[in-house]
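One structure below.
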Amino acid sequence: VMARNRGDFSRQSRLVNYPRTLGGTLEPLPTDQLRKYISYAREHISPVLSDAATEVLRSFYLRLRQNAMAVDGTPIT
């Protein structure tokens with residue numbers, strides 16, 4: 001997680017450390033903190049797919065549609 005808003009660095013730095021390990025197992029992010037993180041990400045993060053990633057997704061989706069059409073004729077939209 002990159003800290004884009006330096007004024008809120010303490011909260012963001014806590015998120016960077018997740019998932020924490022307790023005796024070798026993963027500790028999930030608490031629900032309230034996860035909601036805040038998702039809200040922050042929706043407002044401040046704008047991911048852009050590379051051309052290669054776009055092609056991978058396009059190819060996968062096209063194969064998925066072809067397989068669905070072959071099985072029962074119902075297209076996936």
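Worth saying up front: this structure is predicted, and the values here are computed from it rather than measured. Heavy atoms only: backbone and side chains are in, while hydrogens, waters and symmetry mates are out. Sequential numbering from 1 along the given sequence is applied to the chain's residues.
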(request) Apply salt bridge (Lys or Arg N to Asp or Glu O under 4.0 Å) to Arg42 and list each qualifying residue two or more places apart in sequence or on a separate chain. (result) none
(message) Going by salt bridge (Lys or Arg N to Asp or Glu O under 4.0 Å), name the pairs with one or both residues in residues 43-57, residues two or more places apart or in two chains.
(response) Glu55-Arg58
(message) My understanding is that a hydrophobic cluster links ILVMFWY residues whose side chain heavy atoms are under 4.5 Å apart, including indirect links. Using that, what else belongs to the cluster containing Leu57?
(response) Leu49
